[in-house]
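All ligand and atom numbering here is 1-based and tracks the order in the structure.
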Amino acid sequence: MRVLIVGAGVIGTSIAYHLAARGAGVVVLERHAIACAASGKSGGFLARDWCDGTPLMALARRSFALHAELAALLEGDWGYRQMTTYAGRVGRSPALTLAAGPRWISPDVAIAGQIGSTATTAQVNPAAFTAGMMRAAEARGAEVLLGEAQGLLYCAGDVVGALFDGDALEADAVVIAMGPWSMLAAKWLPLPPVFGLKGHSLVFQTGATIPAEALFLEYVEPDGSMLSPEIFPRADGTTYVCGISSESFLPIDPGFVAPDDGAIGRLKLLCDRMSPVLASAPVLASQACFRPVTADGLPLIGAVPGARGAYVATGHGVWGILNAPATGEAMAELILDGVARSVDLSPFDPARLAALDPDRVSVTRRLRG
Ligand SMILES: Cc1cc2nc3c(=O)[nH]c(=O)nc-3n(C[C@H](O)[C@H](O)[C@H](O)COP(=O)(O)OP(=O)(O)OC[C@H]3O[C@@H](n4cnc5c(N)ncnc54)[C@H](O)[C@@H]3O)c2cc1C
């Protein structure tokens with residue numbers, strides 16, 4: 001069986017790995033570069049049980065276990081490690097009970113308590129993980145083609161391939177894994193809407209000074225805006241911080257995503273206040289990206305109703321890096337066996353949400369922002 005996957009983010013490459021590992025022929029189509037969007041610019045934080053009590057529980061628990069298995073099985077160089085995780089706030093409050101916490105933060109940060117242990121929280125470097133999944137897929141016969149998917153090929157109502165940089169590529173199945181740009185595929189297929197929510201981040205060169213301790217903090221800016229900074233020191237001696245979101249428009253071209261005016265400056269000021277280590281560390285990256293979200297907050301994972309041969313896997317929101325491995329495993333089962341056995345995909349069935357009318361999806365070209 002030959003499968004085309006559109007999008008080389010963490011979801012597309014994870015599906016590619018699991019399909020290739022089972023012997024399918026896989027071609028991944030990517031408009032810019034592997035992990036060029038959110039999959040290369042996210043925190044890479046993983047939690048075993050933070051989705052418990054929601055429809056994501058089984059997917060998240062299976063994924064958390066698979067992350068550990070994949071790192072060992074493939075001897076992954078993507079910085080997988082277990083972490084201790086704390087919550088707190090910037091700006092001390094006398095009412096807050098102080099718990100023991102990291103020593104590398106400023107005295108201005110109050111730690112309220114530990115919210116994850118090395119058994120329940122972990123991390124990967126998401127760009128390296130995404131590239132590692134693609135490398136493992138390629139070692140099993142998959143290939144990546146760089147260029148733009150521009151539409152689908154149909155035969156008697158079935159999807160039989162994709163239009164790629166003007167060429168017709170035939171396949172038995174096509175998977176839409178274009179992250180927030182999956183919205184554009186609603187012109188090609190009956191898909192529910194997918195939106196993009198923007199987040200900004202900084203990556204610092206902090207060396208070996210910060211141990212494997214993740215922080216989830218709260219901060220109220222002088223104008224009353226509530227921020228929720230997250231700090232993830234990584235195994236490679238860098239530290240990732242995110243915490244400023246916005247509802248800016250998604251550019252049609254993933255290559256044009258750029259930070260909002262002033263957002264990076266606000267985040268840097270906050271970092272200076274949160275930790276003297278961050279205040280003095282060189283900044284390696286100042287960036288923004290869009291996480292894909294759906295109308296009900298759950299991902300779309302499954303066959304596209306009314307278009308045999310077409311599948312979709314997107315809308316993973318804040319948990320795309322966590323949930324990629326089990327999404328890949330279950331999608332490979334669905335495509336090759338007709339049913340996903342490792343995880344019940346029914347809560348994520350695209351048919352639960354009304355599809356857009358393809359004729360009414362308008363695509364406006366924007367040059368920047
Ligand atoms: C600030 C921030 C922090 C985050 N932190 C975490 C975290 O700590 N843990 C976690 O689990 N998740 C986190 N996430 C969420 C996670 O990053 C996303 O859910 C995930 O990366 C989405 O992956 P994706 O493969 O669906 O999409 P993307 O990474 O957006 O990939 C889609 C790909 O499709 C390509 N594409 C688009 N159009 C076309 C086309 N026409 N032809 C070919 N290719 C095309 C794009 O170039 C892109 O490479 C975070 C997100 C943000 C924004």
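The protein heavy atom nearest to atom 5 (N) of ligand 1 is G43 N, 3.0 Å. Of the protein's non-hydrogen atoms, the one nearest atom 35 (C) of ligand 1 is E30 OE1, 3.3 Å. Here the protein heavy atom with the shortest distance to atom 45 (C) of ligand 1 is R31 CB, 3.7 Å. Taking atom 31 (O) of ligand 1 as the reference point, the nearest protein heavy-atom neighbour is G9 CA, 3.5 Å. Taking atom 53 (C) of ligand 1 as the reference point, the nearest protein heavy-atom neighbour is C289 SG, 3.2 Å. Remark: minimum distance from atom 13 (C) of ligand 1 to any protein heavy atom is reached at V318 O, 3.0 Å. Protein heavy atom closest to atom 21 (O) of ligand 1, with residue, atom name and distance, is S39 OG, 3.0 Å. Remark: minimum distance from atom 4 (C) of ligand 1 to any protein heavy atom is reached at S42 CB, 3.3 Å.
Ligand 1 has an N or O atom lying under 3.5 Å from an N or O atom of V10, backbone or side chain. When only interatomic distances are considered, the shortest N/O to N/O separation between G44 and ligand 1 falls below 3.5 Å. For ligand 1, the polar-atom distance check against G320 finds a nitrogen or oxygen pair separated by under 3.5 Å. The shortest N or O to N or O distance between H200 and ligand 1 is not under 3.5 Å. Among the atoms of L322, some N or O lies under 3.5 angstrom from an N or O of ligand 1.
The proximity of I34 to ligand 1, defined as any non-hydrogen pair under 4.0 Å, does not occur for either the backbone or the side chain. By the criterion of a heavy-atom distance under 4.0 Å, both the backbone and the side chain of A149 are placed next to ligand 1. Contacts with ligand 1 closer than 4.0 Å are made by backbone heavy atoms (N, CA, C, O) of L29 only, the side chain lying farther away.
Near G147, meaning under 4.0 Å from one of its heavy atoms, ligand 1 places the atoms 43 (C). Interface of E148 with ligand 1, defined as ligand atoms under 4.0 Å from a residue heavy atom, comprises 41 (N), 42 (N). Close contacts between ligand 1 and G7 involve ligand atoms 33 (C), 34 (O), 35 (C) [criterion: under 4.0 Å to a heavy atom]. Close approach of ligand 1 to F45 is summarised as follows: ligand atoms under 4.0 Å from at least one heavy atom of the residue are 7 (C), 8 (O), 9 (N), 10 (C), 11 (O). Those atoms of ligand 1 that come under 4.0 Å of a heavy atom in P180, given as number and element, are 30 (O). Near V6, with a cut-off below 4.0 Å to any heavy atom, the atoms of ligand 1 are 42 (N), 43 (C). When each atom of ligand 1 is checked for a heavy atom of G317 under 4.0 Å away, the hits are 15 (C), 16 (C), 18 (C), 19 (O). In summary, the atoms of ligand 1 found under 4.0 Å from a heavy atom of C36, numbered by their order in the structure, are 47 (O), 49 (O).
Taking each of G179, G315, P292, A185 in turn, the one with a heavy atom nearest to atom 22 (C) of ligand 1 proves to be P292.
Ion pairing between D108 and R89 fails under the 4.0 Å rule for side-chain N and carboxylate O. Of the charged side-chain nitrogens involved, none lies within less than 4.0 Å of a carboxylate oxygen, so that D344 and R62 do not count as a salt-bridged pair. A salt bridge between K198 and E247 is absent, with no side-chain N of the basic residue lying under 4.0 Å from a carboxylate O of the acidic one.
Using a 4.0 angstrom heavy-atom cutoff, A35 does not count as in contact with ligand 1. Between Y240 and ligand 1 there is a heavy-atom distance shorter than 4.0 Å.
Cluster annotation: V27 and Y311 are assigned to distinct hydrophobic clusters (Ile/Leu/Val/Met/Phe/Trp/Tyr, side-chain heavy-atom contacts under 4.5 Å, transitive).
Checking W104 against E213 by side-chain atom types alone, a donor-acceptor pair falls below 3.5 Å. In this model, a donor atom of one side chain and an acceptor atom of the other lie less than 3.5 Å apart for E333 and S342. Using modelled atom types and a 3.5 Å distance limit, the side chains of S228 and E218 yield no donor-acceptor pair. Side-chain polar atoms of Q123 and R234 form no donor-acceptor pair below 3.5 angstrom. Counting only N and O atoms by type, the side chains of Y219 and R273 include a donor and acceptor under 3.5 Å apart. Inspection of the D260 and S246 side chains reveals an N or O donor paired with an N or O acceptor under 3.5 Å.
In terms of heavy-atom proximity, L153 sits nearest to L169 at CD1-O, 3.6 Å.
Ring-centre distance between F45 and F216: below the 6.0 Å cut-off.
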- Item | Derivation of the salt bridge (Lys or Arg N to Asp or Glu O under 4.0 Å) call for R81 and D236 | CA-CA 11 Å; R81 65 175 179 174; D236 63 1; over 6 Å; no
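Considering NE2 of H18 and CZ of R140, their distance stands at 10.0 Å, rounded to 0.5 Å. A distance of 13.5 Å separates CE in M178 from CD1 in I5, rounded to the nearest 0.5 Å.
Ring orientation note: the planes of F129 and H67 are tilted relative to one another, at an angle of 30° to 60°.
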